[in-house]
Q: 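Here you go, one structure.
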Amino acid sequence: LPVLDARTVPHAIRHATIFGALDSVAAGNGLVLVSPHNPMPLLAQLKQRSPGLFSVDYLERGPERWRIRFVRFIRA
């Protein structure tokens with residue numbers, strides 16, 4: 001899966017950049033997000049913005065980086 005390293009994105013545009021990347025993910029595909037912290041606020045926004053659209057799996061849980069796999073569900 002492609003990797004988006006959010007640690008290199010300026011804080012002011014980080015969430016917008018991540019949502020733009022997630023919006024471009026086709027059904028059945030995904031991406032891995034690398035974050036400098038546990039992105040709980042982002043995950044809450046994603047749940048509100050796109051409920052049930054992505055599976056979210058932690059691949060690594062800190063303390064220096066978090067890696068999270070997002071996969072877009074295939075809708076029938």
Side-chain angles (χ1 to χ4, degrees):
L1 295 176
V3 174
L4 172 57
D5 190 341
R7 299 173 299 177
T8 64
V9 178
H11 188 266
I13 62 169
R14 191 172 290 161
H15 282 200
T17 300
I18 295 166
F19 286 129
L22 288 171
D23 287 345
S24 72
V25 172
N29 293 313
L31 67 82
V32 173
L33 174 68
V34 180
S35 176
H37 60 83
N38 191 353
M40 295 302 293
L42 176 88
L43 297 177
Q45 282 182 304
L46 180 64
K47 188 175 180 180
Q48 261 189 340
R49 187 177 182 268
S50 305
L53 192 57
F54 289 92
S55 68
V56 178
D57 299 297
Y58 281 83
L59 303 175
E60 186 176 347
R61 293 180 183 259
E64 295 179 16
R65 72 178 184 175
W66 278 254
R67 292 177 58 241
I68 301 167
R69 178 178 51 225
F70 295 87
V71 175
R72 184 183 287 261
F73 288 115
I74 299 172
R75 302 279 178 163

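If you read the sequence from its start, that first residue is 1, and numbering goes on from there.
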Q: In the hydrophobic clustering (ILVMFWY, side-chain contacts below 4.5 Å, transitive), which residues join Trp66, or is it alone?
A: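 ILVMFWY cluster around Trp66 also holds Leu4, Ile18, Phe19, Leu22, Val25, Leu31, Leu33, Met40, Leu42, Leu43, Leu46, Leu53, Phe54, Val56, Tyr58, Ile68, Phe70.
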Q: Per the salt bridge (charged side-chain N to carboxylate O under 4.0 Å, His left out) rule, what does the pair list look like for residues 31-41, sequence neighbours excluded?
A: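 Of all non-adjacent pairs touching residues 31-41, none passes salt bridge (charged side-chain N to carboxylate O under 4.0 Å, His left out).
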Q: Going by the rule side-chain contact (heavy atoms from CB on, under 4.5 Å), which residues pair with Ala44 if we only count those two or more places apart in sequence or in a different chain?
A: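 For Ala44, no residue satisfies side-chain contact (heavy atoms from CB on, under 4.5 Å) once neighbours in sequence are set aside.
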Q: Tell me, please, which residues at least two apart from His37 pass side chain to side chain donor-acceptor pair (under 3.5 Å).
A: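 Side chain to side chain donor-acceptor pair (under 3.5 Å) list for His37, sorted by chain: empty.
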Q: Looking at residues at least two apart in the chain, or sitting in another chain, which of them share a side-chain contact (heavy atoms from CB on, under 4.5 Å) with Asp57?
A: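 Asp57 satisfies side-chain contact (heavy atoms from CB on, under 4.5 Å) with Ser55, Arg69 only.
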Q: Kindly state each residue pair satisfying salt bridge (charged side-chain N to carboxylate O under 4.0 Å, His left out) with at least one member in residues 11-37, sequence neighbours excluded.
A: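 Sorted pair list: Asp23-Arg49.
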Q: Which atom pair, heavy atoms only, marks the closest approach of Pro2 to Gly30?
A: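 In this case the closest contact between Pro2 and Gly30 is CD-O, 3.5 Å.
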Q: Heavy atoms only: give me the nearest Asp5-Thr8 pair and the separation to one decimal.
A: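 Of all heavy-atom pairs spanning Asp5 and Thr8, the closest is O-OG1, 2.9 Å.
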